[in-house]
Engineer: 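Let me give you the structure first, and then I'll get to my questions.
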Amino acid sequence: MTPIQNADLHCHSTVSDGTLAPEALAARASANGVELWALTDHDEIGGQQRALAAARDCGMRYLTGTEISITFIGKTVHIVGLGFDATNPDLIAGLRRTRGGRDVRAMEMSDGLAKVGIKGAYEGALKFVGNPELISRTHFARFLIETGVCRDTNEVFRKFLIEGKPGYVPHSWATLKDAVTWITGAGGMAVIAHPARYKFTPNEEFALFTEFKSHGGQGVEVVTGSHSVPEYSIYADTAREFGLAASRGSDFHSPDESHTELGTLPFLPANLTPVWEALASRIQ
Ligand code: AMP
Ligand code: MN
Ligand code: MN
Ligand code: MN
């Protein structure tokens, strides 16, 4: 069999902050030539059975997936989990706890926005929510665009939803150790998502990768919709330096919002071990 190249192992459905159902995502990925797919909803694996069934219908191979929010040295970092047993009780309980604070946080975000004259943001964001346990900043962004406060998602985040802005509420997510342990304990591989997004100093980044490895983390996203072309090379080097497998994923959320389409990024650079090689026995 020819080796897999078009793997897309990072995207979001209506089960978290995407706008397409798992079945529509699968069809879209397959139409773009994806051979191996994973749905990686934030802090949630409720869409996994539908995603697997849809992948089978489209003739794609499938890895289970999720993207866990963690807090590391005071900043939010995302850890992707791939190829785990989606019935593992510790993973299910850990993800449920991680989702737990989102509703109160959303009400506080709404209070912050009300102080700058934007009323009804909680209720407005809820209209876009597909999973009541998973209200996210993305849903607030959709509300602020719908009401004409901003033109696009970038503008919403820049003006309202990032640290220091009126709709930002500091939040403590899971720990790095917990997230990696939940994933590996369920037989999966933990992968650092889009490392360039965190804007860490070299020392902070070294600490993240070192601690991640010490807990049993094994992968890093190299080719992702959140990286620029030069960043593919930078993190290919990081993967080799730390002896990590490399992942590839669009981080697709929506046809209207995402600039990176499912299955269309460049393939992984040479001389890297793809995560799907190490996960061969977990592919369904
Ligand atoms: P939350 O988990 O509620 O903090 O929301 C995080 C989500 O917001 C991410 O997964 C992205 O989908 C989206 N997001 C974060 N930062 C930005 C940004 N600067 N521009 C557009 N979307 C963003
Ligand atoms: Mn998202
Ligand atoms: Mn992310
Ligand atoms: Mn993502």
Side-chain angles (χ1 to χ4, degrees), residues 8-20 25 37-45 47 51 65-72 74-82 95 98-110 112-113 121-122 125-126 128-145 150-165 167-174 179 190-199 220-221 223-228 247-262 265:
D8 193 322
L9 304 180
H10 189 148
C11 67
H12 300 274
S13 76
T14 45
V15 174
S16 64
D17 62 348
T19 61
L20 299 183
L25 282 172
W37 179 53
L39 172 66
T40 54
D41 279 311
H42 296 285
D43 310 323
E44 174 66 278
I45 53 175
T66 186
E67 182 179 19
I68 306 182
S69 316
I70 67 155
T71 303
F72 180 77
K75 287 195 188 177
T76 299
V77 166
H78 287 167
I79 302 294
V80 163
L82 295 171
L95 292 177
T98 308
R99 292 194 296 275
R102 280 186 177 269
D103 199 46
V104 170
R105 169 193 186 232
M107 289 183 222
E108 290 171 6
M109 287 172 63
S110 186
L113 291 169
Y122 176 74
L126 266 189
F128 293 95
V129 166
N131 172 358
E133 287 183 34
L134 217 295
I135 181 163
S136 88
R137 285 186 289 166
T138 317
H139 301 110
F140 281 85
R142 292 186 184 131
F143 168 70
L144 291 177
I145 293 165
C150 292
R151 274 184 317 275
D152 57 40
T153 332
N154 267 341
E155 188 187 347
V156 183
F157 274 85
R158 190 162 43 80
K159 291 188 176 164
F160 294 104
L161 299 182
I162 58 174
E163 203 170 338
K165 302 298 173 182
Y168 182 80
V169 173
H171 192 76
S172 255
W173 301 104
V191 178
I192 296 176
H194 43 59
R197 281 241 318 236
Y198 311 123
K199 308 289 177 221
V220 58
E221 286 187 341
V223 176
T224 135
S226 300
H227 283 178
S228 64
S247 195
R248 172 181 186 264
S250 57
D251 208 353
F252 182 82
H253 282 70
S254 160
D256 302 324
E257 297 162 10
S258 296
H259 54 88
T260 307
E261 187 50 75
L262 284 153
L265 286 171

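Whatever order the structure lists ligands and atoms in, that order sets their numbers, starting from 1.
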Engineer: For R105, give me all partners under salt bridge (charged side-chain N to carboxylate O under 4.0 Å, His left out), at least two apart in sequence or on another chain.
Structural biologist: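 For R105, no residue satisfies salt bridge (charged side-chain N to carboxylate O under 4.0 Å, His left out) once neighbours in sequence are set aside.
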Engineer: Write the atom name of the N, O or S atom in H42 that is nearest the Mn ion (ligand 2).
Structural biologist: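 Answer by atom name: NE2.
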Engineer: Using the test ring pair (Phe, Tyr, Trp, His ring centres under 6.0 Å), find all partners of Y198 that sit at least two apart in sequence or belong to another chain.
Structural biologist: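 Here the qualifying residues are H194, F200.
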Engineer: When you pair each N or O of ligand 1 with protein N or O atoms, which pairs come out under 3.5 Å?
Structural biologist:
| from | atom 1 | to | atom 2 | distance (Å) |
| --- | --- | --- | --- | --- |
| ligand 1 | 2 (O) | R102 | NH1 | 3.3 |
| ligand 1 | 2 (O) | R102 | NH2 | 3.0 |
| ligand 1 | 3 (O) | R102 | NH1 | 3.1 |
| ligand 1 | 3 (O) | R105 | NH1 | 2.8 |
| ligand 1 | 3 (O) | R105 | NH2 | 3.4 |
| ligand 1 | 3 (O) | R137 | N | 2.8 |
| ligand 1 | 4 (O) | R105 | NH2 | 2.8 |
| ligand 1 | 4 (O) | R137 | NE | 2.9 |
| ligand 1 | 4 (O) | R137 | NH2 | 3.2 |
| ligand 1 | 8 (O) | T138 | OG1 | 3.3 |
| ligand 1 | 10 (O) | H42 | NE2 | 2.8 |
| ligand 1 | 12 (O) | D17 | OD2 | 3.1 |
| ligand 1 | 12 (O) | T138 | OG1 | 3.4 |
| ligand 1 | 12 (O) | H253 | NE2 | 2.9 |

Engineer: For a distance under 2.8 Å, tell me if D17 has an N/O/S atom near the Mn ion (ligand 2).
Structural biologist: yes
Engineer: Say whether H253 and D17, considering side chains only, have a donor N or O and an acceptor N or O under 3.5 Å apart.
Structural biologist: yes
Engineer: Could you pull out all residues at least two apart from T224 that satisfy side chain to side chain donor-acceptor pair (under 3.5 Å)?
Structural biologist: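 With sequence neighbours excluded, T224 shows a side chain to side chain donor-acceptor pair (under 3.5 Å) to no residue whatsoever.
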Engineer: So that I can check it, does any N, O or S atom in H253 come closer than 2.8 Å to the Mn ion (ligand 2)?
Structural biologist: yes
Engineer: Report the name of the N/O/S atom of E67 located nearest to the Mn ion (ligand 4).
Structural biologist: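 This residue's closest N, O or S atom turns out to be OE1.
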Engineer: Between E221 and H227, is any side-chain donor less than 3.5 angstrom from a side-chain acceptor?
Structural biologist: no
Engineer: Donor-acceptor pair, R102 side chain versus L134 backbone, under 3.5 Å?
Structural biologist: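 No; zero donor-acceptor contacts below 3.5 Å.
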Engineer: Under 3.5 Å, is there a donor-acceptor pair between the side chain of R248 and the main chain of L265?
Structural biologist: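 Checking the backbone N and O of L265 against the side chain of R248, a donor-acceptor pair under 3.5 Å is found.
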Engineer: Would you mind telling me which of T76, V77, T98 makes a side-chain contact (heavy atoms from CB on, under 4.5 Å) with I70?
Structural biologist: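 Output: one option passes, namely V77.
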Engineer: Only to 10 degrees, please: what angle do the OD1 atom of D251 and the NE2 atom of H12 make about the Mn ion (ligand 4)?
Structural biologist: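 Between NE2 of H12 and OD1 of D251, at the Mn ion (ligand 4), the angle is about 90°.
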